[in-house]
Number of protein chains: 2
Amino acid sequence: MTAEGELPEDVALLWGLRSGGRRGRKPALTVEDITRAAVRLADAESLAAVSMARVASELGNSTMALYRHVRSKDELLLLMSDAALEEPPTESAPGEWREQLIRWAHDVLTMIRRHPWYRDIPISGPPAGPRNLAWLDRALAALAETALAEEEKLAVVMGLLPLVHGQARLSLDLSAGYAADPESFGEGYARSLARLVDPLRFPALSRVIAAGVFGSGGPPGVDGGGTDRTGPFDELDAEFQFALTCYLEGVAGFIARRAAG
Amino acid sequence: MTAEGELPEDVALLWGLRSGGRRGRKPALTVEDITRAAVRLADAESLAAVSMARVASELGNSTMALYRHVRSKDELLLLMSDAALEEPPTESAPGEWREQLIRWAHDVLTMIRRHPWYRDIPISGPPAGPRNLAWLDRALAALAETALAEEEKLAVVMGLLPLVHGQARLSLDLSAGYAADPESFGEGYARSLARLVDPLRFPALSRVIAAGVFGSGGPPGVDGGGTDRTGPFDELDAEFQFALTCYLEGVAGFIARRAAG
DNA sequence: CGAAACAGCGTAGGACATACACTGAAAGTG
DNA sequence: CACTTTCAGTGTATGTCCTACGCTGTTTCG
């Protein structure tokens, strides 16, 4: 498609622009096939289940066949990280910038929750994959009508990103922990804390414990840790909602100041 | 110390309350030794370098000796995650709640940066380790004088946490990526983007690119990816500062409303 | 002095990523 | 059609990892 000029290897791979000669045996595998199989595996089990051998056998090929299409497992992970992001909705979202960003953050969050392994893939560089950039674009588009400079729009989005990712990671880790050992949450957890936390050493914390905050509302609502996780994350979602609202209120103040001065 | 009653295994381990008989051969290794050695290894190289074999040989023992003190590698990781957190400063911080929380967030951030592997350890449950709770206590203490209910104080802190952790992860991942391949940042990155990003498909994004935002201020300032990373993280720190300010401004509004109503 | 309890060690099994040399198929060239 | 080049997929081997299991030798209690 576009000339492949001098693009970095990784970027070319992400955009499907690996040159590829036209002589020799016809490939039976494509990069897309491999990525899809890996994503399916990760969705069904976990990122740990994604080994080159498993992916290859899932495709009915030998392990080493994959290395013709992918330089290393890290490259495969890179591909997976872009494939996990589904195409963002194209119709422009309704509402002013704040509602749009809230919507965006929730979309990202539920998307990550559909692919819980996403959080375990290390980010090795700035966003470069097509889907990743599509989501970035959508967030920036929400701020298009505001009085912010382009650089400031980016800063707002880049501030939002860790909030969403951090929230996703926290809630998913806790869900996984809860699924693995429900005993360490709720009641039992509260009792352990009460026993261990010395009111002299941890005054503020023990006041919170004494208020019984930890007792009832245990961990996030989890449907069982299965493959498709659309269940209620009410408790933590409320926290996320709160944090998001606070952040955006701060941004609103910033925008108002920009518009005025 | 405190009776070990019915504490969960993990919690007992974290608080150093593993029973341990007094008969038999004297232990040459303690859990603390093992944890310290593992942390030292992770600091010096990476979390991937922390294998049971490496840790054991670092201590001049055989691999399997460690399993007398630790049930699995996951338990060791759990111990490491609490050990990475240094004891928070005990003198109560000056200033009102907002300054204190900013200070707290920066302390946490620099602490994580001193132990970059911290972000790779999966969180398997609610905070239970002594140091972890100490930091939680300090954050809650900052809000002690405010008009918030105990539950709301916790919500404010729990909202702050993903922000800090997400920021830490993002900035460290990017630093690592930059150290591994500086070409994919700055100039080259901007040029790749300009070539790949179709203004029709990504209108908002290409406006940002056209504004030259990506060109100059590339990645975080990194001193080389070595062991001790106290170098300037200026670029991303500014972004973090911005996000933090926005969040806390929202919290301030919330507190004001609580105090009024 | 037994006997029980306990720390550390050696081995072995199963999993992993991947380097390397190989086989055989497709496409171009004469 | 024959021959060569280029490339896809395979098999083997190396070095790493975690950890289950059984053993040896030491310490302390009855």
Side-chain angles (χ1 to χ4, degrees), chain A residues 4 9 12-13 16-35 37-38 41-42 44-80 117 120-122 124 180, chain B residues 9-10 13 16-35 37-38 41-42 45-80 117 120-122 124 180:
Chain A
E4 63 268 20
E9 287 298 328
L13 180 66
L17 304 174
R18 213 67 136 189
S19 44
R22 57 198 33 54
R23 214 128 80 159
R25 185 169 155 185
K26 281 260 170 70
L29 248 45
T30 67
V31 178
E32 285 76 21
D33 289 336
I34 296 173
T35 309
L41 245 172
E45 305 188 26
S46 75
L47 195 62
V50 177
S51 72
M52 298 307 261
R54 280 295 304 274
V55 173
S57 89
E58 209 82 4
L59 291 165
N61 282 59
S62 86
T63 307
M64 296 312 290
L66 305 189
Y67 284 94
R68 286 281 158 201
H69 304 269
V70 152
R71 263 198 238 295
S72 68
K73 192 182 181 181
D74 279 342
E75 276 200 354
L76 178 55
L77 292 180
L78 186 64
L79 286 167
M80 289 175 71
W117 45 269
D120 296 324
I121 298 186
S124 54
Chain B
E9 286 299 328
D10 297 350
L13 179 65
L17 302 174
R18 212 69 137 188
S19 43
R22 50 196 43 56
R23 216 129 77 161
R25 184 168 157 185
K26 280 262 171 69
L29 250 42
T30 67
V31 178
E32 285 75 22
D33 289 335
I34 295 173
T35 310
L41 245 172
E45 305 187 26
S46 74
L47 195 63
V50 177
S51 71
M52 299 306 261
R54 281 292 304 273
V55 173
S57 89
E58 210 82 3
L59 291 164
N61 281 60
S62 84
T63 307
M64 297 311 291
L66 304 189
Y67 284 93
R68 287 281 159 200
H69 303 270
V70 152
R71 263 197 238 294
S72 67
K73 192 183 181 181
D74 280 342
E75 275 201 357
L76 177 56
L77 291 179
L78 186 65
L79 286 167
M80 288 176 71
W117 45 268
D120 296 325
I121 299 185
S124 54

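We name chains A, B, ... by the order of the sequence lines, and we start the count at 1 in each one. The shown structure was predicted, so the numbers you read here are calculated from the model rather than taken from an experiment.
If you measure from atom CZ of Arg71(B) to atom P of dC18(D), you get 18 Å, rounded to the nearest angstrom. If you take CG of Leu66(B) and P of dA20(D), they are 14 Å apart, rounded to a whole angstrom. As rounded to whole Å, 13 Å separates atom C1' of dA20(D) from atom CE of Met52(B). In this entry the distance linking CZ of Arg18(A) with C1' of dA8(D) reads 15 Å, nearest Å. In this structure, Lys73(B) places its NZ atom 14 Å from P of dA20(D), rounding to the nearest Å. For Ile34(B) and dG8(C), the CD1 to C1' distance is 11 Å, given to the nearest whole Å. Going from atom CG of Leu47(A) over to atom C1' of dC16(C) covers 14 Å, rounded to whole Å. Atoms CZ (Arg68(A)) and C1' (dT6(D)) sit 10 Å apart, rounded to a whole Å.
Taking OG1 of Thr35(B) as the reference point, atom CG of Leu77(B) lies at 10.5 Å (rounded to 0.5 Å). Considering CD1 of Ile34(B) and CD of Glu75(B), their distance stands at 11.0 Å, rounded to 0.5 Å.
When each of Tyr67(B) and Arg23(A) is assigned the nucleotide of DNA chain D with its nearest heavy atom, Arg23(A) is the one assigned upstream, toward the 5' end. Between Met64(A) and Ala48(A), the residue anchored closer to the 5' end of DNA chain C is Ala48(A), taking for each the nucleotide with the nearest heavy atom.
Side-chain N/O atoms of Ser51(B) include one lying less than 4.0 angstrom from OP1 or OP2 on dC17(D). Taking only side-chain nitrogens and oxygens, Lys26(A) never comes nearer than 4.0 Å to OP1 or OP2 of dA26(C).
Donor-acceptor pairing under 3.5 Å, judged by distance alone, is absent between the side chain of Arg25(B) and the base of dG8(C).
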Could you walk me through whether Met80(B) and Val50(B) pass side chain to side chain contact (heavy atoms under 4.5 Å, CB included), step by step? CA-CA 11 Å; Met80(B) 288 176 71; Val50(B) 177; 4.2 Å; yes
Arg18(A) vs Glu9(A), side chain to side chain contact (heavy atoms under 4.5 Å, CB included): CA-CA, chis, key distance, verdict: CA-CA 8 Å; Arg18(A) 213 67 136 189; Glu9(A) 287 298 328; 3.0 Å; yes
